[in-house]
Amino acid sequence: MVVWAWLRVVLAMAVLLLPGGFPLLLAYIAVRTLRARWHDARIEAHNHGREASLRDVVASLHFKELVREARAAL
């Protein structure tokens with residue numbers, strides 16, 4: 001999406017220019033990953049005939065996936 005691409009550019013500039021840019025980048029990565037996992041959980045829950053919960057989403061996250069997302073964002 002174009003919006004995510006522009007947000008990525010803005011965050012890259014914030015990391016370079018602002019002292020608090022790195023936590024901002026980490027927050028962006030976390031939100032992006034949670035959003036993608038929430039979408040996947042909703043689709044899977046719909047296929048099984050139940051509702052998706054935040055617990056399912058958070059339980060499916062792994063640290064190495066967050067690191068992979070961080071590398072992709074840079």
Side-chain angles (χ1 to χ4, degrees):
M1 294 181 117
V2 175
V3 174
W4 287 110
W6 278 105
L7 187 58
R8 188 183 210 180
V9 169
V10 169
L11 284 174
M13 294 303 292
V15 168
L16 292 174
L17 300 176
L18 298 174
F22 187 69
L24 185 65
L25 178 67
L26 291 179
Y28 163 72
I29 292 167
V31 167
R32 182 176 154 185
T33 304
L34 280 173
R35 184 176 172 266
R37 296 291 174 251
W38 179 255
H39 180 66
D40 294 342
R42 284 182 55 202
I43 291 173
E44 184 177 335
H46 181 68
N47 290 339
H48 294 300
R50 60 182 178 87
E51 291 290 323
S53 70
L54 185 61
R55 182 177 182 215
D56 295 336
V57 174
V58 174
S60 70
L61 288 178
H62 299 287
F63 183 72
K64 65 181 178 179
E65 291 174 1
L66 291 175
V67 171
R68 189 176 334 138
E69 289 287 331
R71 286 183 179 172
L74 299 176

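This chain uses plain numbering: 1 for the first residue, then up along the sequence. No hydrogens, no waters, no symmetry mates; every other heavy atom, side chains included, goes into these values.
- Closest approach of Ala52 and Ala45 over heavy atoms only: N-CB, 3.6 Å.
- More than 12 heavy atoms of other shown residues, nucleotides or ligands fall within 6.0 angstrom of atom CZ in Arg50.
- Atoms CD and CZ, from Glu44 and Arg37 in turn, are 11.5 Å apart once rounded to the nearest 0.5 Å.
- Rounded to the nearest 0.5 Å, atoms CZ (Arg35) and CG (Asp40) are 11.0 Å apart.
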